[in-house]
Asks: 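Please see the structure below; I have some questions.
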2 protein chains.
Amino acid sequence: MTEAAPLDRRRRRRQETIEEVLDVAAEVMADQGVAGLTLGEVARRMGIRPPSLYGYFDGKNALYDALFERGWRELLAVMQAARAACAGTDLAADLLALETVFVRWAVEHPAFAPLMFWRPVPGFAPSPAAYAPAVELERLSRAFLAELRDGGLLAPDVDLDLVHRTQTAVISGVISQQLANAPEEPFETGAFTSTLPDVVAMWLAHHAGARNRPSD
Amino acid sequence: MTEAAPLDRRRRRRQETIEEVLDVAAEVMADQGVAGLTLGEVARRMGIRPPSLYGYFDGKNALYDALFERGWRELLAVMQAARAACAGTDLAADLLALETVFVRWAVEHPAFAPLMFWRPVPGFAPSPAAYAPAVELERLSRAFLAELRDGGLLAPDVDLDLVHRTQTAVISGVISQQLANAPEEPFETGAFTSTLPDVVAMWLAHHAGARNRPSD
DNA sequence: GTCTATACATCGATAGAC
DNA sequence: GTCTATCGATGTATAGAC
């Protein structure tokens with residue numbers, strides 16, 4: 001009682017501080033860009049000195065790694081919730097809804113998205129642990145593609161690997177163009193995010209089985 | 001004779017030095033990433049001191065600006081040459097050929113592409129002059145879209161603005177995914193660049209007029 | 001254990017000598 | 001046109017107070 005409890009409190013407090021560092025670091029990235037993150041600015045906003053941060057993160061790249069993992073973990077949670085909320089009666093509508101959630105999260109988190117989808121930080125490569133939620137989300141995405149195939153929306157003999165690559169390409173294209181050319185536009189009226197229904201429809205039609213083509 | 005000639009030589013030599021700075025800066029970006037460019041490294045590789053660079057470029061952002069313009073100017077020249085080489089007898093083949101040239105240049109210039117298509121440098125925004133070749137290339141691209149429409153490959157009442165946005169989105173998506181996930185893969189066998197025929201076909205089919213749909 | 005204080009190297013940038 | 005000298009800011013790391 002006199003030993004375990006304080007240790008837990010100490011650990012919890014340490015974890016809270018770690019979360020605060022990540023919160024502030026995300027704010028700095030939002031203001032200065034991903035590559036504009038500096039430990040000094042994080043420490044300044046927290047009211048501490050830069051060396052104190054080394055008690056929680058082993059340098060700047062470790063902080064990037066934690067931010068990379070947090071971003072993918074949040075996006076994974078959002079996508080899992082959206083997947084669970086799918087009605088299942090209209091797979092095409094579910095597909096567009098899921099892609100909408102994905103793109104919306106990306107453009108509404110412009111501080112995280114470049115770190116997660118591009119490689120803006122020289123010398124930083126995410127660790128396998130930080131990659132884990134991204135891998136899990138890819139597994140989820142591939143499972144939904146199989147559902148689309150089994151539901152008759154994709155051709156029965158479709159190459160799921162090719163389909164997955166074209167899907168990530170067109171979706172990441174919408175995100176990249178919106179973030180690079182008009183990051184201030186909201187999702188609803190964005191010049192590129194507003195093309196998402198078109199893009200999803202063209203992707204689906206291209207990989208559709210014969211029974212779903214307009215001519216049938 | 002004793003005045004004009006030396007002045008020309010001086011100007012020419014100065015221009016040669018400027019080009020050398022850009023060459024070396026491009027090498028540094030290729031090695032260290034776009035954000036990893038430093039004036040010290042450029043000066044070191046040129047055998048001069050960092051302050052000497054200020055005689056040619058007004059700071060680091062001006063160097064980025066010149067690199068941004070040079071990249072778009074090169075890409076514009078490549079695209080103009082490809083456009084002139086088009087046979088014109090098969091517009092769909094010409095389209096794929098042009099997009100192939102575009103994507104190939106991007107993935108084969110990984111040092112320039114992020115600077116041109118993303119925003120990896122905090123605090124840097126390209127000047128209107130540096131944007132000029134990019135604007136010219138967009139004009140060229142829109143003109144070709146009108147040709148596709150007049151040639152019957154796109155619907156007669158197609159929204160050229162929307163078509164242009166979806167086109168840039170899907171093409172930049174292929175480039176972004178290839179550069180971010182497998183930058184070392186060559187264009188021919190890249191996991192994402194190899195989907196380019198699929199992506200171009202799905203884009204074209206989506207915006208095609210009725211006479212070009214498979215059912216006709 | 002956590003923090004402050006401090007030192008060190010490197011970066012972009014400017015001023016002024018030659 | 002190039003250099004030295006120098007500045008402020010930054011990332012990294014160590015020493016030592018509490």
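Chain letters run A, B, ... following the sequence lines, proteins first, then strands; residues in each count from 1.
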Asks: For A:Asp23, give me all partners under side-chain hydrogen bond (donor to acceptor under 3.5 Å, both in side chains), at least two apart in sequence or on another chain.
Replies: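 Checked A:Asp23 against side-chain hydrogen bond (donor to acceptor under 3.5 Å, both in side chains); matches are A:Arg70.
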Asks: Tell me, which pairs form a side-chain hydrogen bond (donor to acceptor under 3.5 Å, both in side chains) where one or both residues lie in residues 121-130 of chain A, sequence neighbours left out?
Replies: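 Counting only pairs at least two positions apart or across chains, the side-chain hydrogen bond (donor to acceptor under 3.5 Å, both in side chains) contacts touching residues 121-130 of chain A are A:Asp65-A:Ser127.
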Asks: For B:Glu20, which residues count as a salt bridge (Lys or Arg N to Asp or Glu O under 4.0 Å) partner, sequence neighbours excluded?
Replies: none
Asks: Find out whether B:Phe57 and B:Leu39 are in side-chain contact, i.e. whether some heavy atom of one side chain is under 4.5 Å from a heavy atom of the other.
Replies: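 Not touching, per the 4.5 Å side-chain cut-off.
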Asks: Heavy atoms within less than 4.0 Å of DNA chain D: which residues of residues 56-65 of chain B have one? Give them sorted by number.
Replies: B:Tyr56
Asks: Given atom CG of B:Leu39 and atom P of D:dC7, what is their separation to the nearest angstrom?
Replies: 20 Å
Asks: Can you pull out every side-chain hydrogen bond (donor to acceptor under 3.5 Å, both in side chains) where at least one residue sits in residues 187-201 of chain A? Sequence neighbours excluded, please.
Replies: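 side-chain hydrogen bond (donor to acceptor under 3.5 Å, both in side chains) check on residues 187-201 of chain A returns A:Arg104-A:Glu188, A:Asp198-B:His206.
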Asks: Mind grabbing the angle between the end helix axes of the helix from C:dG1-D:dC18 to C:dC18-D:dG1? Five pairs an end, 10° rounding.
Replies: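 End-to-end axis angle: 10°.
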Asks: Do the ring planes of B:Trp118 and A:Trp118 sit parallel (below 30°), tilted (30 to 60°) or perpendicular (above 60°)?
Replies: parallel
Asks: Who passes ring pair (Phe, Tyr, Trp, His ring centres under 6.0 Å) against A:Phe187, sequence neighbours left out?
Replies: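 None.
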Asks: Does any residue of residues 16-32 of chain A have a heavy atom under 4.0 Å from DNA chain C, and if so, which ones, in number order?
Replies: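 When residues 16-32 of chain A is checked for heavy atoms under 4.0 Å from DNA chain C, there are no hits whatsoever.
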Asks: It should be established whether B:Tyr54 places a side-chain nitrogen or oxygen under 4.0 Å from OP1 or OP2 of nucleotide C:dT14.
Replies: no
Asks: Within less than 4.0 Å of OP1 or OP2 of C:dC3, is there a side-chain N or O belonging to A:Arg14?
Replies: no
Asks: Extract all donor-acceptor atom pairs below 3.5 Å that involve side chains of residues 29-36 of chain B and protein atoms in other chains or at least two apart in sequence.
Replies:
residue, atom, partner, partner atom, Å
B:Asp31, OD2, B:Arg45, NH1, 3.1
B:Asp31, OD2, B:Arg45, NH2, 3.1

Asks: Any side-chain hydrogen bond (donor to acceptor under 3.5 Å, both in side chains) pairs touching residues 50-59 of chain A, not counting sequence neighbours?
Replies: none
Asks: Rounded to whole Å, how long is the line connecting atom CG of A:Leu53 with atom P of D:dG11?
Replies: 10 Å
Asks: Between atom CD in B:Glu41 and atom P in C:dC11, what is the gap in whole Å?
Replies: 8 Å
Asks: Give me the distances for all protein-to-nucleotides 4-9 of chain C N/O pairs that come in under 3.5 Å?
Replies:
residue, atom, partner, partner atom, Å
C:dT4, OP2, A:Ser52, OG, 2.9

Asks: Mind checking salt bridge (Lys or Arg N to Asp or Glu O under 4.0 Å) for A:Glu136 and listing every partner two or more places apart, or none if nothing turns up?
Replies: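 By the salt bridge (Lys or Arg N to Asp or Glu O under 4.0 Å) rule, A:Glu136 matches A:Arg139.
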